[in-house]
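Presented below is the structure to which this report refers.
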Amino acid sequence: MITQEVLRQMESGQDSGSVPGRAVSADKLLLSDMRPGAKVTDMKRLFDQAKREGSYGVCIPQWFVSLAKENLYGSQTKIVTIVGLPGGTNSPMAKYAEIKQAVAAGADMVLVPVNMDKCRAGDIKGVQKDLAESLTASKGKAEAAAVIEVKDVDDRTMTEAVESCAAVGAKAVMLSAVAGGSVKADLVRDLKAKGVSVGVIGGATDRQAEYKRAGADWLVVRNR
C-alpha cells in the first residue's frame, strides 16, 4: 500500500529505483513532490519547472492544490493529487470526502489507491465496490485514476483488478512499484491492448523509455 513512509522513500529515491531521469518526453511526465515536509517554496519551484518543461502535470499533496491552482493559472499543466493515504484500506467514505475536498480546491485529477488487502486476496468485487463508492465525488468534476501496487499481485489478478476499476469509471490505472516489486512493460502493453489508459509510478529509471514504448500514458517521477 502507499503509505507516508513509502512516499518518503519515493521522493528520496530509496526504493524501487524510483529516482527518475528525463528519459521520456515531457508530455508523459507528472512531476511529483509528495514529501510530507515540502514547503511552499518547493512547490513554487516545482510549478515553475513544470511550466518551463511543458510537463503534463504535477503530483502534489492535497494541502498544496489551492496554491497550484493560483500558480499554474493559464498554463496547460494539470494539478494531480493522491487521496486515500496512508493506504488504500481506509473507508470509501473517507476517500470520497478527500476527493470532494481536492476537487473543490482545484485538482484536475485524483489518484485513488485501491484496497490492496482485498486485491491481494483476490476479492475483485470488493475492490470494485470500494472504488466505485469513492469515485462518485469526482464524476463530472475531475478525472480519477486508480492506483494499484504491483507487489505480490500476479498478472491475472492485476488484469482483473484493472478491468474492474475501468468498469466503474476510473479514467486510468496507475501501476505502482513504490512499495516494491517491478512494473512489467509487457503488462503495460497488454493493458493498453485492452483499451485501458495506464500510468507507472516508481518504475526504475532505466526503464522509463521502455514503459513509453509499451504505451504508458503517464510516468509519475520525482522532481529534482
Side-chain angles (χ1 to χ4, degrees), residues 1-35 46 49-50 52-60 77-78 80-82 85 87-88 109 111-114 116 119-120 143 145-163 165-166 170-224:
M1 293 178 289
I2 297 180
T3 65
Q4 290 290 354
E5 178 59 29
V6 167
L7 286 170
R8 280 192 286 271
Q9 292 173 350
M10 180 172 74
E11 298 306 332
S12 62
Q14 295 173 1
D15 193 13
S16 304
S18 60
V19 179
R22 289 290 183 264
V24 297
S25 59
D27 64 335
K28 296 280 186 178
L29 295 181
L30 285 168
L31 297 181
S32 173
D33 190 343
M34 289 294 299
R35 293 173 299 161
L46 177 73
Q49 180 179 340
R52 184 171 62 252
E53 297 184 356
S55 300
Y56 178 85
V58 291
C59 185
I60 57 175
T77 303
K78 302 292 186 182
V80 183
T81 192
I82 301 176
L85 297 176
M109 177 184 280
L111 308 184
V112 187
V114 304
M116 288 307 302
C119 187
R120 293 189 177 103
E143 298 175 350
V147 179
I148 304 180
E149 289 287 349
V150 299
K151 183 181 180 183
D152 300 328
V153 180
D154 60 65
D155 288 354
R156 179 178 177 179
T157 300
M158 177 65 71
T159 299
E160 291 178 352
V162 167
E163 291 177 337
C165 292
K171 173 183 174 61
V173 175
M174 299 287 190
L175 304 178
S176 174
V178 172
S182 176
V183 177
K184 300 176 183 177
D186 284 347
L187 177 59
V188 174
R189 188 175 295 108
D190 290 346
L191 293 174
K192 288 295 297 180
K194 294 177 180 292
V196 178
S197 294
V198 182
V200 177
I201 303 174
T205 301
D206 59 0
R207 298 189 65 187
Q208 288 183 12
E210 184 180 358
Y211 294 139
K212 181 183 177 183
R213 289 194 297 271
D217 296 283
W218 303 280
L219 296 176
V220 180
V221 301
R222 182 181 68 86
N223 183 49
R224 288 182 166 181

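Excluded from the calculations below are hydrogen atoms, water molecules and symmetry mates; all remaining heavy atoms, backbone and side chain alike, are included.
- The shortest distance between side-chain heavy atoms of Ser32 and Ile60 does not fall below 4.5 Å.
- Leu191 is not listed as a side-chain neighbour of Val173, based on a closest heavy-atom distance of 4.5 Å or more.
- The shortest heavy-atom contact between Ala161 and Ile148 is CB-CD1, 4.0 Å.
- Distance check: Lys212 NZ to Trp218 CH2 gives 15.0 Å after rounding to the nearest 0.5 Å.
- By the side-chain contact (heavy atoms from CB on, under 4.5 Å) test, Ala166 pairs with no residue at all, sequence neighbours left out.
- Shown here for Ser176 and Val183, the closest heavy-atom pair between the two residues is C-CG2, 4.3 Å.
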Test log, rule side chain to side chain contact (heavy atoms under 4.5 Å, CB included), inputs Leu29 and Tyr56
CA-CA 6 Å; Leu29 295 181; Tyr56 178 85; 5.9 Å; no

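- Residues Met174 and Leu30 form a side-chain contact, since some pair of their non-hydrogen atoms from C-beta on lies under 4.5 Å apart.
- Residue pairs satisfying the side chain to side chain donor-acceptor pair (under 3.5 Å) criterion with at least one member in residues 187-200, sequence neighbours excluded, are listed as follows: Asp186-Arg189, Lys192-Asp217.
- Here the closest non-hydrogen pair linking Ala177 and Gly181 is CB-O, 3.7 Å.
- Residue Glu149 holds its CD atom at 8.5 Å from CE of Met158, rounded to the nearest 0.5 Å.
- Within the model, atoms CD1 of Ile82 and CE of Met34 stand 4.0 Å from one another, a figure rounded to the nearest 0.5 Å.
- When the side-chain contact (heavy atoms from CB on, under 4.5 Å) test is applied to Ala50, the partners found at least two apart in sequence or on another chain are Leu31, Ser55, Val58, Thr77.
- Residues Val200 and Ala216 come closest through the heavy atom pair CG2-CB, 4.4 Å.
- For Arg156, the salt bridge (Lys or Arg N to Asp or Glu O under 4.0 Å) criterion is met by Glu160, not counting sequence neighbours.
- You'll find the side chain of Leu187 reaches within 4.5 Å of the side chain of Thr159, heavy atoms only.
- Lys78 places none of its side-chain heavy atoms less than 4.5 Å from the side chain of Met109.
- One finds the CG atom of Asp155 at 4.0 Å from the NZ atom of Lys184 (value rounded to the nearest 0.5 Å).
- Residues meeting the side-chain contact (heavy atoms from CB on, under 4.5 Å) test with Asp152, sequence neighbours left out: Arg120.
- Asp154 pairs by the salt bridge (Lys or Arg N to Asp or Glu O under 4.0 Å) definition with nothing, not counting sequence neighbours.
- Here Leu111 contributes atom CG and Ile201 contributes atom CD1; the two are 5.5 Å apart, rounded to the nearest 0.5 Å.
- Comment: Arg207 engages Glu210 in a salt bridge, judged by a side-chain N to carboxylate O separation of less than 4.0 angstrom.
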